[in-house]
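To start, the structure itself, in C-alpha cells.
Every chain is numbered from 1, with letters handed out A, B, ... down the list of sequences. Just so you know, these numbers use all the heavy atoms, side chains as well, and skip hydrogens, waters and symmetry mates.
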Amino acid sequence: MTLRGKILGFFLLLLLAVMVLLLALVYRSTYQHTLSQVAGQLNFAHAVLSNELQSRRQAQSAMADLIAKDFTLLGEIADLIASPQQEAQSLSAALESFASRSQASFALVSAPEGLILAGTSGELLPGAQLPWNDLLDTDDAQSKERLVVFGERVLHINATPIFAPRPNLMGWLLMAFELDDQATAHLARLSGADVALLDGRPGQYRVLASNLQALPRAELASQLLPNAEGVFRFDLQGLEQVALRAPLVDTSSELQVLLMRSLAAELADYQPLQWQLASIFTIALLLAGLGALWIANTVSRPLSQMVDNVRRIASGDYQVPMETQASGEVGLLAREFVAMQQGIAERETTISFLAYRDPLTELANRNRFVAELQQALTQCPPGAGIAVLLMDLDNFKDLNDTLGHDAGDQLLCQLAARLQVLLRPGEQLARLGGDEFALLISPCQPGWLIPAAEHYRAALHEPFAVRGISMTLNATVGIALYPDHGESAGSLLQHAEVAMYLGKQQRSPYALYRPELDRHSLLRLALMSELKGAVEGGQLSLYFQPKLNIRARSLYGVECLVRWIHPVHGFIPPDEFIPLAEQTGNVCALTRWVVRTAVAQSRAWQEQGLDLKTAINISALDLADPGFAGFIAAQLAEHDVPPSALIVEITESAVMADPELAMGQLQELCELGVQLSIDDYGTGYSSMAQLKRLPVHELKIDKSFVLDLLSNPDDDIIVRSTIELGHNMNLKIVAEGVETEAILDRLDQLGCDIAQGYLLSKPLPPAAFASWLENCQWHLPAATTEGAARQPRPPGN
Amino acid sequence: MLKSALALLLVLLGTLAQAQNLEIVLLDNQGKPLSDAVLWIEPGPAQSQPATAVMDQQKRQFTPYVLPVQVGTTVSFPNADPINHHVYSFSPAKRFELRLHQQKAAPQEMRFDQPGLVTLGCNIHDWMLGFILVLDTPWFAQTDSQGKTRLDFDAAAGQTLHIWHPRIADPQEAMSRAVPSDGTLTWQLTGALKRDPRPKEPKARPMAKDDYAS
C-alpha cells in the first residue's frame, strides 16, 4: 500500500467512524430528547386538559346555575306543579331551548326528590327517577356536578337546585354535557396530544371518546397499560406511542383519560435534520477525502518525485535538480539526497577518471578508447573512414624481465610522452595495456594510413634512456580501417591487433589488416592469451620420442616434445602454438617449463637406473634470454642431473637468425657441460664456416632427407656427406624420420650414430613411454655406463 | 301604627264579643327569646274585616321580614330603594309578580284571598327573602325582640294557638297548642332552630359557586 493510500484511508476511515458515531449519537440524543420532550409535553397536555375540563365544567355549572334561576323556567315549573295533570310540553320546550342555548346534550327538571317532571332526554323520561339521586340533597340543596358514564357516553352532569326563592326548593335542573369525539378533539387541539377517554380495567378497556377518527379502539381496549403514574410507552398498530394515563376528577366510575403522542411522528420532525446531517457528512467526507488526497499528495509527491530523482541518480544522471523547498522531514531528506547526489557525482568523477585513464601514463585507457571509438563510429558521416592504429613494442616482455618492471614502466611513460607530443589535432591516443598503444584517427582515408603509422613510429627514432642505459626500441603498428576492415569498435581493434601480429611475424614496422588474415586469427588470439595460463595450469605435457644408438642397437635417449592438450580445442599441434608463443614472448616461459619437466624426468630415469640422454628444443628467443643458461644450470643442480645428460636442440634457422647472439648463449651452455644439437639440419642454409664456430656436439639431419633415403639417391648423397662432414667435425649425427629397418640398416652402413623415428616409436606421453620402455626390444643403457657419449669439441676447433 | 290600629280593632272587637288577651313569651330550645315568630289563634270569627298591610323594600330587603295578614288583606308593595325590584311569589297561596320601579308615587297593591304562606323573592336580588303569612283569623301577633307578644282574641271562638317561624324546622315540634285559660303563656320550643334561611347579600361580586379546584 502506498503512503498516499495509507494517509487517504486513515483519514477517511477516521472521519467515517466519527461521523457514524456522531450520527448514532445524534439519533440517540434526538430520540432521548424527543422522548423527554414528549413526556414533558404529555405532562403539560395533562395539565392543560385538566384545566380545560375544569373550565368547561365550571362554565357549564355556571350556565346551569343561571338557567336554574330563569324566571320563565320557574314559572313553567310552578305551572306544572300547580296543575300536574297538565302535559309537561311547555316545560320540555323551554328546557329544549335552554339545552340548545347552552349546547347541553339534554336538560331535565325533577321534583326535589328526583322524580323527573320534564326533560329533553330520550332515555330519561318524565315520571322516571333520576339515576344520580346522590347529587340531590333536599335538606341542603346545592349545585353539584360530576362526570358520569351513561351508556357509552361520557356526560358532565350538573344538578342545580331550583329555588323559588331560596331556600324554597322547587325542584332540580339537571343539565348533561357530553364529552364526545368533538369535545375530545377540542381538548386534543388545546393540549397538543391525542386524547382518548377510557374506562374499564387493563386489557378490558372501553374507549368512550377520542379525537382520533382512525383510532384502533379494539386494539387499544386490549392494551395492558401500566397502572403506575407517569409516562409510559406502548405500541399501537406497530407504532411506538408515548402516553400518560390519568383518572378524571369528580367521577364515580373508572373513567380515565389517555394522552398519547406518536413517537414516530415526533421523530419525523428530526428527519430533515438527519438528512441535513447526512448530507453535511457526505460533503465533509468528500472534502476531507479531497483534503486528505491533497495532504497525501503533498507528502507523497515530493517522495515519489524523490524516488524518480533517486532512480535517475541510480541510472547515472547527477544533474537532476532536486526539489528542496519541501519543509519538514521530506525537505530534510531531499537536502540529504542533494548532498548524496553531489557526493556520488564527485566520487564518480574520480572513478570515471580512474576508469577511463591509464594510471601509469595518464593516457586514456582501453575503455575510454573503445568509448571514443564507438562515439566516432556513430558520428561518422557516410563515405568517411576511421582508422585504428595499434602500436606494440617488440620484445618488451624480455626487456621488462631483464630490467625490471619499474624500468619498463619508465619506458612506457617516456613513449607515452613522445606519442602525446606527436599527437595531431582530432586524433586520440590511448594505452590499451602492457606495451600496447592505440591511436584513433577520425576521419581518415586509406591514403593517410601509412603516413600516420610513420608519423607515430617517429617516437621510436630517438633511443630511450632508462637507468642510464640507452636503448632503441622497435614497434609494430597494426592498422584497421573503418568501414573496410570492421563495422564495430571491437572488430576494428581486433583486426588492428591481427594486423599488428602479422607485422611482427613479417618483421615489418607496420601492417594493414587483410581479411584473409582473419581465418584463424580468432583462435590464435585466444590461444595466445591462454598459452601463459596453459603453462601454469598444467595443460601442457611432455611427450617422449626415443633415440637409438644405431651401432649398439641400444636406446640412446629421448627427445622431449611439448604437447598442448587444450581443455576446449583438444590437441593443438606444436607447429601452431610454438610460433605463437614465440610471437607473444611466451616461448621463454614455455621453454623453462620444458626444461624443468625434462630435467625432473631425467632425474626419474636415473633413479630407475636408466641412462637416457634427454633432449629439449629451444627457440631462437631463448638464446636472447640472458638468464637462460643460468636457469638450466640451476635446474640441473636442483635435480642432481649431470649436464651431459641434457641435450639442447636448436634449429638451424634460429641459430642463423642472429648467429652472434646464438654464439654467446651456446657458448655459455657448452661451458655448462650441456650437449648442444643443431636441429633440422639441411634446411637453414647455414654455412659450414658458421657451423664450425658453434660449440655444438650433434647434428640432426632433417627427416625430409631421411624418409626417401633408399629411393632418392640425392638424399642418400646428402645424408652420407653430412655424416662424413659431421664426423670430420667430431659431431654425432642423428637421423630423424627413421621409419623402416631398411633405412636403419642403410644409416648403419653410412655410419650414422643415432636414429629417431617411427621405427622406434612415435612421441609418447609419459605413461605410454613407460610401458614402451618395459616392452623395449632394444638394449637399455644402464646408468652406470657412460654410453657412447663423446666429449664435445671445444669451440673454435 | 299597625299596632295601634290592631289595638284599636281589638278593643273594638273586644267590646263586641267576649274579649280576652294572652300574654306570650316565646323561647327557643336554648331558652333564648325568639323574635319575629307569628302566633295566632284559630278558628277566627266567621266575618272578616277588610284590612291593609305594607311590605316595603328597604335596602334590598323585604321589610318586614315576616308579615302576617288576615285573608282578604290588601298588601301594598312600596319601594323605598332607589333601584328596581321584581317581587314574585310561586307559592300556591298566592302566585304573583310585581315589577317595582324605583320610588313610584303609588305603591302597587296585592290582595291575598287565600290563607297560606306566601314566600316572597326578588327576581333581581336573589338574596331577598320575605314571607307573607295569610291567616284565616284576625287574632295574630308577632314576638318582639324579647320574644314577647300579646294576643287579643275572642275566647269563645279561638281554641287553638298556632306558631310559625322561618327557623322552626323540627318535624317533632308542636306547632300548635290549646289556648291557655289564665292569659299568660311561656312557650319554649323543643326542637333546635335551623339557621336563618335568608341568604347573605353579596359584597362586591356575585357569589361564585365554588372555588377553582381540581
Side-chain angles (χ1 to χ4, degrees), chain A residues 46-84 138-147 158-171 246-251 257, chain B residues 55 57 60-62 65-66 84-99 114 116-133 165-171 192-202 205-214:
Chain A
H46 179 225
V48 168
L49 181 123
S50 299
N51 198 8
E52 173 63 15
L53 266 182
Q54 192 61 52
S55 297
R56 278 175 72 100
R57 286 162 74 166
Q58 279 169 4
Q60 287 162 359
S61 297
M63 189 105 64
D65 276 356
L66 275 179
I67 292 166
K69 283 173 188 163
D70 189 273
F71 197 73
T72 320
L73 185 69
L74 295 183
E76 293 288 345
I77 296 167
D79 284 347
L80 193 64
I81 292 167
S83 50
T138 48
D139 290 336
D140 185 17
Q142 283 184 7
S143 290
K144 284 187 179 165
E145 50 96 43
R146 183 180 292 165
L147 284 176
N158 288 267
T160 316
I162 302 167
F163 294 109
R166 183 185 293 265
N168 199 358
L169 183 65
M170 194 154 60
L248 287 170
V249 292
D250 287 339
T251 175
V257 64
Chain B
M55 178 57 89
Q57 339 288 315
R60 297 181 290 282
Q61 293 292 345
F62 289 107
Y65 173 35
V66 180
N84 293 343
H85 290 286
H86 181 189
V87 179
Y88 68 86
S89 162
F90 289 109
S91 300
K94 185 68 180 179
R95 255 192 82 178
F96 72 93
E97 60 177 303
L98 288 173
R99 292 179 191 274
Q114 282 191 2
L117 182 66
V118 175
T119 309
L120 297 178
C122 177
N123 194 30
I124 300 171
H125 308 107
D126 283 351
W127 63 90
M128 286 173 69
L129 179 66
F131 297 101
I132 296 176
L133 188 62
H165 190 275
R167 293 181 62 191
I168 297 174
D170 191 353
L193 296 176
K194 70 174 182 182
R195 62 178 175 82
D196 192 337
R198 283 177 288 190
K200 291 250 170 64
E201 184 184 343
R205 58 180 170 91
M207 193 174 69
K209 186 179 74 67
D210 272 322
D211 281 328
Y212 289 106
S214 60

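Between Asp79(A) atom CG and Arg95(B) atom CZ the span is 4.0 Å, to the nearest 0.5 Å.
With a threshold of 4.5 angstrom between heavy atoms, Arg198(B) does not approach chain A through any atom at all. Within the 4.5 angstrom heavy-atom criterion, atoms from both the backbone and the side chain of Pro197(B) approach chain A.
Under the side-chain contact (heavy atoms from CB on, under 4.5 Å) rule, Asn168(A) has a single partner from Thr119(B), Leu120(B), Leu129(B), which is Thr119(B).
When ring centroids are compared, Phe90(B) and Phe71(A) come within the 6.0 Å threshold.
Contact record, Asn123(B) with Lys69(A): OD1-O, 4.0 Å, taken as the closest heavy-atom pair. Shortest non-hydrogen contact noted between Met128(B) and Pro165(A) is O-CG, 4.4 Å.
Shown here are the ring-ring contact (aromatic ring centres under 6.0 Å, His included) partners of His125(B), two or more places apart in sequence or in another chain: His85(B), Trp127(B).
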